[in-house]
Enquirer: 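Next up is a structure, given as C-alpha cells.
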Amino acid sequence: MDNTSWAYLSNYLIYSAMAVFTLAFFAHAFETAWAVRTPSIATEKSEGNLLVKTFDFERTARTARIATAFMILGFLLLFSGVVARGISAHRVPWGNMYEFSITGAMAFTGAYLLALRKNDLRWLGLIVATAVLLTLGTAVTVLYRPSAPLVPALKSTWLVIHVSAAIVSGGVFLLANTIAATYLLLDRMEQRGGRNAWAKRLPTLEVLDQLCYRLVAFVFPLWTFAVIAGAIWAEHAWGRYWGWDPKETWAFITWVCYAAYLHARVTAGWRGRKAAWLCLLAGSTFLFNYVYVNIWGTGKHTYSGL
Amino acid sequence: MSNQKIEVPAIGMGPLLRFSWRQLTSMRTALILLLMLGIAAIPGSLIPQRGQNPMKVQELFTQSPGLAKFYDALSLFDVYASPWFSAIYILLFLSLIGCVLPRSFEHFKAARALPPATPKNLNLMEHFATWSGEGNELDLAQKWFRRNRFRVKVDGNSLSAEKGFLRETGNLLFHLALIMVLFGVSFGALFGMKGDAIVNVGETFVNTTTSYDSISLGRLSNESSLAPFTITVNKFVAKYNAITSAPEDYTLNVTSKNSPESRENQNVIKVNSPLGFGSTNVYLQANGYSPIVTVRDKSNAIVFQGPVPFLPQDSNLTSIGAIKVPDMQPQIGFVASFLPTAARDKVKGGISAFPELLDPALLLSVWRGDLGLDRGIPQSVYRINTSKMEQIGLQSLKPGEIYTFADGSISFDGITPWVNLQIVRDPGKSFALVGSVLAIAGLLASLFGRRRRIWIRVTAQGKVEVAGLAKNAVAGLASEIETFVSAIRGKSEGAL
Ligand code: HEM
C-alpha cells in the first residue's frame, strides 16, 4: 500500500470510529434514560400513602454492557486510524492539530476504559461518548489537513517522548475534570435537598473525590515529565530550555494548578469542594493551552497547521 | 505545616517575626502562593514580552502609547523578570525551604528511630483480625516482617512494624529538587550569555561581542568569558515540499575551530542538533537570502560591493531589504525586495511563489538624498527612512543584469544564502536537569509510596491480635494484612 492509501484508510477508520461512538452514545443515552425514568417493567406498589417504584436495573445493566463494548470497539478503530495516519506520513502522527485531536480523543477514551477496569464508571459513558464525538467531529471538519511530512523543528525523538506524555496526561486530566465536575454537581444537589433520580446511582462524594485524586496523582508525574521533556527538546531545537513562550507558560500554569490541587487535598478546609474547583481550574488551563494557544497564540509552538 | 492555633503577639519584634515565619511556612500559604504564581504567569502569555517579541512591544508603543506606558509601568512587558512575579516565587521558595528543612530533619530522626510502641487496644483499629494462636506467631511474624523489609520493634508480647518511609523521603526529595532547579535557572541567567549573528554562506564567524547582531550577557558574565571559537559557513541546503512550500530539511555544513590555533573540524548543524563548544552551543535558527550586488558611481568606481542579508516576510521567502550607500554624494539608498521565485500577485505586486531559487528577481527602487545614518538614531538594516530622500528610479533585475540610473549603476551579481546562528551558553542547565530528574523520582516515590504500620500481639490467653494503620489513608493495607495473617495462620496450622 502506498502513502495515499494509508491516508485514506486512516480517514475511513476515523469515520467508522465516529459511527461506533455514536452507537455507544445512544446505548448510554438509553441506559441513562432507563435508569432515570421508571422503566415499563418497573413494579409499583403502595406502602401507606407512598408510591414506591422498584427499578428494573437488569435492562440498564445489559445496555450498559453493550455501550461499553461499543466504546472498546470505537477505541480500537480510533487507535488503528491513528496508526494508519502515522504510517501514511512515515512518522508519529503528531504533526498538526488534526492529529493531536484524534490522538487526544483516543487517549481520553483509553483513560476512561482503563479506569473502568477498577471502578464502575459507566455512568460517565454518556459524557465520554459526547466529548469524543465532539472532538472527532471538530477534527474531521475544521482541523483536517492532508497527511504530510514534518517541518524540521519537529523532527526529533523528543517529539515522540514529549508529545505522547502530554497527550496521555491530557486524556487523564480531562477524565479527572469530568469527575470533579460531577462532584460539584452532586454536591450542589445534596445541599439542595438530595439527589435526583439520575444522580441516585452515582457514587458517593467521597468516592468521587478519591477517584479524582487518584487520577491526578497518577498523571501528575507524567505531566511533570512531559514538561521537562519539552524543555530538553526546546534546548536542542531553540537553544534555551525555557523561554516563557505562551505554550510553555500555560504548561507551567497547568502544572502549578495541579500542584495546588495536590496541596489542597492535604490542607484542612480545602478538601472536597474547593479541591474539586481547583481540579476543574487546572484542567481548564490545559484545555485553554490546547485550543487557544495552538490556534490564536503567537510564539514558537504554532504547529496547528491552520 | 503546623496546625496549632497561632496566638497573635501583643508586642516585640521576636514573636512577630516568629509569627510571620510560621504563617509563611504554613501549608495554606504555600497553596495560595502556588495559585498566585499561576495567575501571575498569565499576563505574560497575552501581552507581548520584550524577551520574546521586542518588535511587537515597539509596535504597541507607536500604536497606543498611553496603554503601552501603562503596561510598562507595571512591568507587563517583562512579566517574568518583574518585581511582583519575582516576589511571589521568592516567597514561595522561602516558604518551601522553611517548610521542608525542618521536616527533613524530623524525617531523618524518625527514619533512624524504632517504630513506636504497640497501642493498647488494637481492636479499635480499622484493620483488625484475631484468632486463637499456636504460640509461635511472633516468630513467624518476625520472619515475615524481615522478609518484607519492615522495621520491627519488639514490645513485650507484641511486635510493632513499620514500612514505607519512601513516601515522605520522596516528598522531601521532590521539594528539595525544586530548589535545585531554581538554583540552576538563576545560575544560568547570571553567568550565561545568548546572542544572534547573521552569517552569509562563505563567511566566517569569530566569537567576539562585535560579531553579534544582538547579544545579552548575564549579570555576572563578561565579554572575556566568550569561548574563542570560529565557524566558517561552507554550505547551506534547504529542502522544501514542492506542493505546500513547507520546509522539510535544513542542513548547514561548517568548518569550526575551538580556538584560532587549534585544528579545523568539519561539522553539520541541523535544527535539532546544535554544535557544542564546551558549555556553549551554536544553533541553526533561521535562514534567508543575501543578494550580492556591486554599486558603482558615475566614474565607474566601486562604492559598494557584497552580499546584503534580506529579511524573509513569508513562507515562500519573499524578502525585503535595504542597500545603503552613504559614501556617494548625494547619498543613495535602494529599497528592495528579493523574490527567489518571482511571481505577481494582483494586490501585493511582486511576490515569491516558492522558497527555492527557481527564478530569482531583485526589485529595486532607488532613492537619493539623506539616509539619516549620522543622526544617532538606531536604524533597521532592512529599511530606509526615505523622508529626506527622493525616488529616482525603479527596476527589476535578474542575476547578471545591470541597471544604470542617473548617479551610477548597480549590478545584481548573484545570491548567497544566510543563516542566523544563535549562540547560547548556559552553565546552570545541568543543575536544572539533575534537579528535574530528582524531582520526578521524588514525585513517583511520594505519590506511589505507602506508609503503614502493622502490629501483632499474643495475649496472655494465647489469643493473637493483628491490626494495621495506613498513613494518608492509602489503599491496599487490607489485602496486605490478609496476606500477613494467612502467612502466619497457614504456617502454624500447617505445623499441626
Ligand atoms: C515550589 C512550590 C511547591 C510545589 C511546586 C509543590 C508541589 C507539591 C506536589 C506536586 C505535591 C504532591 C506530591 C506529594 O504528595 O508528595 C506536594 C506535596 C506536599 N507539599 Fe508541596 N510544593 C511546593 C511548596 C510547598 C511548601 C511551601 C510546602 C510547605 C508548606 C509544601 C508542603 C507539602 C507537603 C506537606 C506535601 C505532602 C502532601 C501529602 O502528604 O501528600 N509544599 N507538593
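To find a chain, count down the sequence lines: A is the first, B the second, and so on, and within it residues start at 1. Here the structure is a predicted model, which is why all the values come from computation and not from measurement.
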Enquirer: Counting heavy-atom pairs under 4.5 Å to chain B, which of V227(A), T285(A), I228(A), L222(A) comes out on top?
Expert: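 Result: the option with the highest number of such pairs is I228(A).
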Enquirer: So for W242(A), is it side chain, backbone, both, or neither that comes closer than 4.5 Å to the heavy atoms of chain B?
Expert: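 Neither part, no heavy atoms under 4.5 Å.
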Enquirer: Shorter than 4.5 Å, heavy atoms on both sides: which option in K429(B), K270(B), K239(B) has the most such pairs with chain A?
Expert: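 The option with the most such pairs is K429(B).
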Enquirer: Need one label for F218(A): side chain, backbone, both or neither, based on atoms under 4.5 Å from any heavy atom in chain B.
Expert: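 The answer is both parts of F218(A).
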Enquirer: For L278(A), which atoms come within 4.5 Å of any heavy atom of chain B: side chain, backbone, both, or neither?
Expert: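 Side chain of L278(A) only, per the 4.5 Å heavy-atom cut-off to chain B.
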Enquirer: Please report the shortest heavy-atom distance between Q285(B) and A237(A), naming the atom on each side.
Expert: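 The pair with the smallest heavy-atom distance is OE1-O, 3.7 Å.
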Enquirer: With only heavy atoms counted, which part of I243(B) is less than 4.5 Å from chain A, the side chain, the backbone, both or neither?
Expert: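 Contact with chain A is absent: no heavy atom of I243(B) under 4.5 Å.
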Enquirer: Could you tell me the separation between the CD atom of Q49(B) and the OG1 atom of T249(A), rounded to the nearest 0.5 Å?
Expert: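 These two atoms lie 8.0 Å from each other.
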Enquirer: What is the minimum heavy-atom distance between A217(A) and F448(B), and which atoms define it?
Expert: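 Of all heavy-atom pairs spanning A217(A) and F448(B), the closest is O-CZ, 4.2 Å.
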Enquirer: Looking at every non-hydrogen atom in both residues, tell me the closest pair between L444(B) and P221(A) and how far apart they are.
Expert: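 Smallest heavy-atom distance, with atoms named: CD2-CB, 3.7 Å.
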Enquirer: To the closest 0.5 Å, what do you measure between NE2 (H263(A)) and CG (L33(B))?
Expert: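 Reported value, rounded in 0.5 Å steps: 11.0 Å.
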Enquirer: Does any heavy atom of chain B fall under 4.5 Å from the side chain of W158(A), the backbone, both, or neither of them?
Expert: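 For W158(A), no heavy atom lies under 4.5 Å from chain B.
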Enquirer: Could you check R28(B) against W270(A) for side-chain contact (heavy atoms from CB on, under 4.5 Å), going step by step and ending with a plain yes or no?
Expert: CA-CA 9 Å; R28(B) 219 180 39 150; W270(A) 277 77; 3.7 Å; yes
Enquirer: What pair of heavy atoms forms the shortest contact from S45(B) to W250(A), and how long is it?
Expert: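 Between these two residues, the closest heavy atoms are OG-NE1, 2.7 Å.
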Enquirer: Quick check on the interface: out of L284(B), I423(B), I32(B), I42(B), who has the most heavy-atom pairs with chain A under 4.5 Å?
Expert: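 The residue among L284(B), I423(B), I32(B), I42(B) with the greatest pair count is I42(B).
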Enquirer: Which heavy atom of T224(A) sits nearest to which heavy atom of I440(B), and what is that distance?
Expert: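 It is CG2-CG1, 4.0 Å.
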Enquirer: Nearest 0.5 angstrom please: I39(B) CD1 to C257(A) SG, how far?
Expert: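 Between atom CD1 of I39(B) and atom SG of C257(A) there are 7.5 Å.
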Enquirer: Is the ring pair Y80(B)/W244(A) parallel, tilted or perpendicular, if the boundaries are 30 and 60 degrees?
Expert: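 Correct class here is parallel.
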Enquirer: Looking at D426(B), V424(B), N281(B), L433(B), which hits side chain to side chain contact (heavy atoms under 4.5 Å, CB included) with E235(A)?
Expert: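 Exactly one option meets the side chain to side chain contact (heavy atoms under 4.5 Å, CB included) with E235(A), and it is N281(B).
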Enquirer: Measure F225(A) against the heavy atoms of chain B and call it side chain, backbone, both or neither at under 4.5 Å.
Expert: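 F225(A) touches chain B through backbone and side-chain heavy atoms alike.
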Enquirer: Would you call the rings of F174(B) and W255(A) parallel, tilted or perpendicular, where under 30° means parallel and over 60° means perpendicular?
Expert: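 Rings of F174(B) and W255(A): tilted, 30 to 60°.
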Enquirer: Distance from H236(A) atom NE2 to N272(B) atom CG, nearest 0.5 Å?
Expert: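 Answer for the NE2-CG pair, H236(A) versus N272(B), is 8.0 Å.
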Enquirer: What residues of residues 185-195 of chain B sit under 4.5 Å from chain A when only non-hydrogen atoms are counted?
Expert: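 From residues 185-195 of chain B, the residues near chain A are V185(B).
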Enquirer: How far does CG of L447(B) sit from CZ of F220(A), to the nearest 0.5 angstrom?
Expert: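 It is 8.0 Å, given to the nearest 0.5 Å.
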Enquirer: Give me the atom names and distance for the closest heavy-atom approach of L31(B) to A260(A).
Expert: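 Reported closest heavy-atom pair: CG-O, 3.9 Å.
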Enquirer: Enter the distance from S436(B):OG to Y241(A):OH here, rounded to the nearest 0.5 Å.
Expert: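 Interatomic distance, S436(B) OG to Y241(A) OH, rounded to 0.5 Å: 8.0 Å.
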Enquirer: With a 4.5 angstrom heavy-atom cut-off, which part of A40(B) approaches chain A: side chain, backbone, both or neither?
Expert: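 No part of it gets close to chain A.
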Enquirer: Under 4.5 Å from any heavy atom of chain A, what part of Q422(B) do you find: side chain, backbone, both or neither?
Expert: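 Answer is side chain: those atoms of Q422(B) sit under 4.5 Å from chain A.
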